[in-house]
Peer 1: 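I have a structure here, written as structure tokens, and I will follow up with some questions on it.
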Amino acid sequence: KSLPFTEEEKKWLEKHKNLIYSSDQSSPPLRYRGKEDGQYKGIIVDLINSLSIQIGRDFYFKPNNWWKESFVNSIDDSIKFFDLIPSKERANKFIFTDPIYTLSANILKDKKSQDINSYMDLKGKTVAIPEGDYSINFLKQKIQDINILLTPDIKPGVNHLMSGKVDAVVGDEPVLRYYINNYGLSNKYSVLSNPIYTKKAVLAVPKQYEELVSILNKGIFKLQKNGRVACSRWVSKGTPAGKPYRRPNHKKWVGWVVYR
């Protein structure tokens, strides 16, 4: 899995120039669009930028409004890929690269809710979860009596929690902590000390483009070899949506999501 590419891989890259990273823009600090400059930013966006440098190929960025839209195949000649936690169900539609980072899910709750201390305590509760999130099937397999309210992303779920419509919000831990820290919620709301799970995330590629997986894996291997660590606090210039990435961002990494 080490560079350089084989002749077949080089020919494939030459033939397929429109490679697109297409995920959501509503899960800060992982992926989001900057309010002031409109740039597509975030920990994972920076990670994909770094991967493009290792591969030596420009990736285009086309952010979706919501994460679930990432599952929709391209209707043109572009090849879309995005990051997710793999599952048997998702393997019916996509093939996966090697793990590229790890991600934890957690529960956001009102501090007064002393009866919620683990995901098993969500039995009989109403919980807001972004539609399409891995945690939905995870919790359904673990808990029989749970009422899940699907939301487009984390923010509506947080609003439902604040209004009392739901008992808790489940989602990616970095995103939950972002809302606590940036929306003045830390006095009343908190996440659990221990995550629901910590899983390895991969890049998902449509099954008809199996050749791209080996190419991406070589870039991932190079990132792992460099021992890079991505995190939740950084300085990033961002990437214009719909345009290729052409130069490295200047950023400061401080721990949380690890390349493995």
Peer 1: Just by distance, do the side chain of Arg31 and the backbone of Val45 share a donor-acceptor pair under 3.5 Å?
Peer 2: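 Side chain of Arg31 to backbone of Val45: no pair is present.
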Peer 1: May I ask you to test the Tyr189-Tyr183 pair for a side-chain heavy-atom distance under 4.5 Å?
Peer 2: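 They are not in contact (no side-chain heavy atoms under 4.5 Å apart), so the answer is no.
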Peer 1: Are Leu176 and Leu30 grouped together when hydrophobic residues (ILVMFWY) are joined by side-chain heavy atoms under 4.5 angstrom apart?
Peer 2: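 Same cluster: Leu176 reaches Leu30 through Ile, Leu, Val, Met, Phe, Trp or Tyr contacts under 4.5 Å.
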Peer 1: Any salt bridge linking Lys123 with Asp145? Criterion: basic side-chain nitrogen under 4.0 Å from a carboxylate oxygen.
Peer 2: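 So Lys123 does not pair with Asp145 through a salt bridge.
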Peer 1: For a quick test of reading the model, state the closest non-hydrogen atom pair linking Arg33 to Pro63 and the distance between them.
Peer 2: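 Of all heavy-atom pairs spanning Arg33 and Pro63, the closest is NH2-CG, 3.4 Å.
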Peer 1: Any side-chain heavy atom of Ile116 within less than 4.5 Å of one from Leu122?
Peer 2: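 In short, these two side chains touch, coming nearer than 4.5 Å.
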Peer 1: When rounded to the nearest 0.5 angstrom, what is the spacing between CG in Leu19 and CG in Asp58?
Peer 2: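 It is 9.5 Å, given to the nearest 0.5 Å.
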Peer 1: Mind running ring-ring contact (aromatic ring centres under 6.0 Å, His included) on Phe138 and Tyr119 for me, showing each step along the way?
Peer 2: CA-CA 10 Å; Phe138 177 87; Tyr119 69 82; 5.5 Å; yes
Peer 1: Between the side chain of Thr151 and the main-chain N/O of Asp153, is any donor-acceptor distance below 3.5 Å?
Peer 2: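 A pair under 3.5 Å: yes.
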Peer 1: Would Ile100 end up clustered with Val205 when hydrophobic side chains under 4.5 Å apart are linked, directly or stepwise?
Peer 2: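 Hydrophobic grouping puts Ile100 with Val205.
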Peer 1: If you take all heavy atoms of Lys199 and Tyr134, which pair is closest and at what distance?
Peer 2: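 For Lys199 versus Tyr134, the nearest heavy atoms are CE-OH, 3.7 Å.
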Peer 1: Using the side chain to side chain contact (heavy atoms under 4.5 Å, CB included) rule, take Val158 and Leu185 through it: C-alpha gap first, then chi angles, then the decisive distance, then the call.
Peer 2: CA-CA 10 Å; Val158 174; Leu185 305 179; 3.7 Å; yes
Peer 1: Looking at His16, Lys11, Lys17, which one forms a side-chain hydrogen bond (donor to acceptor under 3.5 Å, both in side chains) with Glu14?
Peer 2: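 So, applying the side-chain hydrogen bond (donor to acceptor under 3.5 Å, both in side chains) to Glu14 and each of His16, Lys11, Lys17, only Lys17 qualifies.
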Peer 1: For Ser118, is there any backbone N or O sitting under 3.5 Å from a side-chain donor or acceptor partner on Asp121?
Peer 2: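 Yes.
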Peer 1: Using ring pair (Phe, Tyr, Trp, His ring centres under 6.0 Å) as the criterion, list what pairs up with Phe96, not counting sequence neighbours.
Peer 2: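 By the ring pair (Phe, Tyr, Trp, His ring centres under 6.0 Å) rule, Phe96 matches no residue at all.
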Peer 1: Assess whether atom NZ of Lys88 is packed by more than 12 heavy atoms of other residues, nucleotides or ligands within 6.0 Å.
Peer 2: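 No, NZ of Lys88 has 12 or fewer neighbouring heavy atoms, counting only those of other groups under 6.0 Å.
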Peer 1: Treating Ser50 as the side-chain partner and Asp46 as the backbone partner, does any N or O pair qualify as donor plus acceptor under 3.5 Å?
Peer 2: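 Yes; judged by distance alone, with no hydrogens or angles, the pair exists.
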Peer 1: Determine whether Tyr197 and Tyr101 fall in the same hydrophobic cluster, where Ile, Leu, Val, Met, Phe, Trp and Tyr are linked whenever their side-chain heavy atoms lie under 4.5 Å apart.
Peer 2: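 Tyr197 and Tyr101: separate clusters.
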Peer 1: Starting at CG of Leu103, measure out to CD1 of Ile44 and round the result to the nearest 0.5 Å.
Peer 2: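 Leu103 CG to Ile44 CD1: 7.0 Å, rounded to 0.5 Å.
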Peer 1: Minimum heavy-atom separation for Pro86 and Lys200, please, with both atom names.
Peer 2: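 So the minimum-distance heavy-atom pair works out to CD-O, 3.4 Å.
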Peer 1: Looking at Asp172 and Pro174, would you say the former's side chain and the latter's main chain have a donor-acceptor pair under 3.5 Å?
Peer 2: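 No, Asp172 side chain to Pro174 backbone: no donor-acceptor pair under 3.5 Å.
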Peer 1: Could you go through the side chain to side chain contact (heavy atoms under 4.5 Å, CB included) check for Ile48 and Leu203 one step at a time?
Peer 2: CA-CA 10 Å; Ile48 300 301; Leu203 296 178; 4.0 Å; yes
Peer 1: Output, in order, the C-alpha distance, side-chain angles, deciding distance and verdict of side chain to side chain contact (heavy atoms under 4.5 Å, CB included) for Ser22 and Asn64.
Peer 2: CA-CA 7 Å; Ser22 183; Asn64 304 309; 3.2 Å; yes
Peer 1: What pair of heavy atoms forms the shortest contact from Ser70 to Ser23, and how long is it?
Peer 2: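 Here Ser70 and Ser23 meet closest at OG-CA, 3.3 Å.
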Peer 1: Would you say the side chain of Lys188 lies within less than 4.5 Å of the side chain of Asp110, judging by non-hydrogen atoms?
Peer 2: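 Side-chain contact under 4.5 Å: yes.
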Peer 1: Does Asn106 reach the main-chain N or O of Leu192 with its side chain, forming a donor-acceptor pair under 3.5 Å?
Peer 2: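 Side chain of Asn106 to backbone of Leu192, a donor-acceptor pair under 3.5 Å: yes, one is there.
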Peer 1: Side chains of Asn49 and Ile53, heavy atoms from C-beta outward: is any pair under 4.5 Å?
Peer 2: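 With C-beta onward as the side chain, the pair stays apart.
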Peer 1: Okay, side chain of Lys111, backbone of Ser190: is any donor-acceptor separation there less than 3.5 Å?
Peer 2: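 Between the backbone of Ser190 and the side chain of Lys111 there is no qualifying donor-acceptor contact (under 3.5 Å).
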Peer 1: Treat each ILVMFWY residue as a node, draw an edge where side-chain heavy atoms are under 4.5 Å apart, and state whether Ile196 and Leu161 are in one component.
Peer 2: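 No, separate clusters.
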Peer 1: Just wondering, do Asn18 and Ile79 contact through their side chains at under 4.5 Å, heavy atoms?
Peer 2: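 A side-chain contact under 4.5 Å is absent here.
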Peer 1: Quick check on the hydrophobic clustering: are Ile107 and Leu139 connected, directly or via other members, by side-chain heavy-atom contacts under 4.5 Å?
Peer 2: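 Same cluster: Ile107 reaches Leu139 through Ile, Leu, Val, Met, Phe, Trp or Tyr contacts under 4.5 Å.
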Peer 1: Has Ser26 got a side-chain atom pairing as donor or acceptor with Trp66's backbone, closer than 3.5 angstrom?
Peer 2: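 Absent.
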Peer 1: Tell me, do Ile43 and Leu47 make a side-chain contact under 4.5 Å, heavy atoms counted?
Peer 2: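 Side-chain contact under 4.5 Å: no.
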Peer 1: Is a donor on one side and an acceptor on the other found under 3.5 Å between the side chain of Asp167 and the backbone of Thr126?
Peer 2: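 Pair found, side chain donor or acceptor close to backbone of Thr126.
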Peer 1: Take Leu212 and Trp12, measure what side chain to side chain contact (heavy atoms under 4.5 Å, CB included) needs, and give me the verdict at the end.
Peer 2: CA-CA 8 Å; Leu212 179 58; Trp12 191 92; 3.6 Å; yes
Peer 1: With a 4.5 Å heavy-atom cut-off, do Pro152 and Asn65 have their side chains touching?
Peer 2: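 They are not in side-chain contact.
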Peer 1: What distance separates Lys62 NZ from Glu69 CD, expressed to the nearest 0.5 Å?
Peer 2: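 Answer for the NZ-CD pair, Lys62 versus Glu69, is 13.5 Å.
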Peer 1: How many angstroms lie between CG in Leu84 and CG in Asp133, if you round to the nearest 0.5 Å?
Peer 2: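 So the CG of Leu84 and the CG of Asp133 are separated by 10.5 Å.
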Peer 1: Using the ring pair (Phe, Tyr, Trp, His ring centres under 6.0 Å) definition, which of the options Phe61, Tyr60, Phe59 pairs with Phe81?
Peer 2: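 Only match with Phe81 under ring pair (Phe, Tyr, Trp, His ring centres under 6.0 Å): Phe59.
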Peer 1: Do other residues, nucleotides or ligands put more than 12 heavy atoms under 6.0 Å from Lys140 NZ?
Peer 2: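 Atom NZ in Lys140 is not packed in, count stays at 12 or less.
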Peer 1: Locate the shortest heavy-atom distance separating Ala128 from Gly157; write the atom from each residue and the value.
Peer 2: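 For Ala128 versus Gly157, the nearest heavy atoms are CB-CA, 3.7 Å.
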Peer 1: Quick check: closest heavy atoms across Phe94 and Pro206, and the distance to 0.1 Å?
Peer 2: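 So the two residues come closest at CD2-N, 3.9 Å.
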Peer 1: Is there side-chain contact between Thr198 and Glu173, with heavy atoms separated by less than 4.5 Å?
Peer 2: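 SC-SC contact between Thr198 and Glu173 ruled out.
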Peer 1: For the CZ atom of Arg57 and the CD atom of Gln54, what is their distance to the nearest 0.5 Å?
Peer 2: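 Reported value, rounded in 0.5 Å steps: 15.5 Å.
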Peer 1: Tell me which pairs pass ring pair (Phe, Tyr, Trp, His ring centres under 6.0 Å) where either residue lies in residues 154-173, with sequence neighbours left out.
Peer 2: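 Those involving residues 154-173 do not exist here.
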